[in-house]
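Working notes, beginning with the structure itself.
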Amino acid sequence: MDDFPVLYDMHCHLGFCPDTARLARELAARGIGGFCCTVSPAEYLRVSACDLGPLWRCGLGAHPWWATEVDPGQAAELAATTPFIGEVGLDFGKKNLATRDRQVENLARITAAATAGTLLSLHAVRAADTVLDLLERTGALGRCTCVFHWYSDSNEALTRALAAGCYFSVGPLMLRSRRGREYARQLPLDRLLLETDYPSESDSSDPAATAATMSAALHDGLLQLAGLRDTDPVELATSVSATSERLLAL
């Protein structure tokens, strides 16, 4: 571990920990920074007011699972003021189809308001083509940096997203599936990022313990990726960290 550069968790949820600022400090002490996604404008306003330190960025969220808790007008206003947006996207899984129209409205309003160069962390479940269509329609696909997290959709949509210049954040949860491992093996190195998608809402009360879990998961994801890609872990970490630092403007 000592040979690794600073690693960046490019999709996680520090706001689920009651002491968000301490969790960020605990992670930084372990050589970890990253992109703290939120699930709603209310969470974003709370977390972005915390002192997360120099290694962390906070994104404006409108997670599709919380679609009805998002005021699309407020979300659009906030989207125009920040270069970091996430977690946003669409989830057309069976449990979330009832809010499909609201999800689309939220994402459309946010991506239309996003300014040039904004980093977007995207959720797409059974909806990657619709997400790409919407990003094209609002112009965000061309003017923003789009990152699909835990990608699990079709190979055709993956090819389309790569052609459009999108990035992909990969972690242990994605690597549990055969499809996830195959996608992770194929992704171009310069489009590859690390993530944990941790912590969960139900397992985040102790910042030190949560940081230890996240650190272990991030390193596990890196080592799994290195094995899948037949690459030296330190070389992979150096490349992925450099990409992350550029996207986070560190």
Side-chain angles (χ1 to χ4, degrees), residues 10-18 20 35-49 57-115 118-141 143-154 157 160-161 166-169 171 173-174 195-204:
M10 294 297 287
H11 187 102
C12 59
H13 293 278
L14 305 189
F16 287 165
C17 178
T20 303
F35 189 17
C36 170
C37 293
T38 60
V39 300
S40 68
E43 187 193 8
Y44 167 71
L45 290 171
R46 176 177 62 79
V47 175
S48 61
R57 301 290 185 261
C58 179
L60 165 67
H63 194 295
W65 295 358
W66 283 265
T68 59
E69 297 179 22
V70 174
D71 176 339
Q74 179 197 31
E77 289 179 4
L78 290 169
T81 68
T82 176
F84 300 102
I85 294 176
E87 178 172 4
V88 297
L90 302 175
D91 192 317
F92 294 165
K94 186 179 298 185
K95 292 191 299 183
N96 297 290
L97 282 177
T99 62
R100 177 175 178 143
D101 290 346
R102 184 61 174 272
Q103 292 180 43
V104 170
E105 179 184 7
N106 291 342
L107 185 60
R109 295 284 296 273
I110 289 169
T111 54
T115 58
T118 294
L119 179 63
L120 292 168
S121 187
L122 297 160
H123 177 118
V125 173
R126 300 184 182 179
D129 273 313
T130 306
V131 169
L132 288 165
D133 288 345
L134 193 153
L135 292 170
E136 286 182 346
R137 189 165 68 248
T138 62
L141 192 60
R143 70 175 184 277
C144 299
T145 300
C146 299
V147 180
F148 282 87
H149 111 89
W150 191 348
Y151 185 82
S152 62
D153 219 301
S154 71
R160 181 183 172 193
C166 297
Y167 294 75
F168 296 81
S169 54
L173 298 176
M174 177 175 168
E195 69 160 60
T196 65
D197 202 21
Y198 287 171
S200 67
E201 285 186 280
S202 60
D203 188 24
S204 61

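These figures come from a predicted structure and were not determined experimentally.
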Rounded distance (nearest 0.5 Å) linking atom [atom1] of [X] with atom [atom2] of [Y]:
X	Y	atom1	atom2	answer
Leu60	Glu43	CG	CD	10.5 Å
Ser169	Tyr151	OG	OH	13.0 Å
Phe148	Leu132	CZ	CG	4.0 Å
Ser40	Arg46	OG	CZ	8.5 Å
Phe35	Ile85	CZ	CD1	8.0 Å
Tyr44	Cys37	OH	SG	12.0 Å

Side chain to side chain, [X] and [Y], heavy atoms closer than 4.5 Å:
X	Y	answer
Val39	Trp65	no
Val131	Leu134	no
Thr99	Pro64	no
Phe92	Leu97	yes
Cys144	Thr111	no
Leu122	Leu135	yes
Met10	Val147	no
Pro41	Asp71	no

Closest non-hydrogen atom pair, [X] against [Y]:
X	Y	result
Pro72	Asn106	CB-OD1, 3.6 Å
Ile110	Ala62	CD1-CB, 3.4 Å
Ala161	Phe168	CB-CZ, 3.7 Å
Trp150	Glu195	N-OE1, 3.4 Å
Ser152	Ala124	OG-O, 4.4 Å
Thr196	Leu173	O-CD1, 3.6 Å

Look only at the side chain of [X] and the backbone of [Y], and say whether a donor-acceptor pair between them is shorter than 3.5 Å.
X	Y	answer
Thr115	Ala80	no
Arg143	Ala114	yes
Thr145	Leu119	no
Asp153	Arg126	yes

Task: Worked verdict on Thr130 versus Gln103 for side chain to side chain contact (heavy atoms under 4.5 Å, CB included) - done: CA-CA 11 Å; Thr130 306; Gln103 292 180 43; over 6 Å; no

Open item on the list: Going by salt bridge (Lys or Arg N to Asp or Glu O under 4.0 Å), name the pairs with one or both residues in residues 130-140, residues two or more places apart or in two chains.
Closed with: Asp133-Arg160, Glu136-Arg160

Open item on the list: Regarding His11 and Ser121, do their side chains bring together a donor and an acceptor under 3.5 Å, going by distance alone?
Closed with: yes

Open item on the list: Under a plain distance cut-off of 3.5 Å, with no hydrogens placed, do His13 and Glu87 share a side-chain donor-acceptor pair?
Closed with: yes

Open item on the list: Is it true that, when you exclude Arg102 itself, more than 12 heavy atoms of the residues, nucleotides or ligands shown sit nearer than 6.0 Å to its CZ?
Closed with: yes

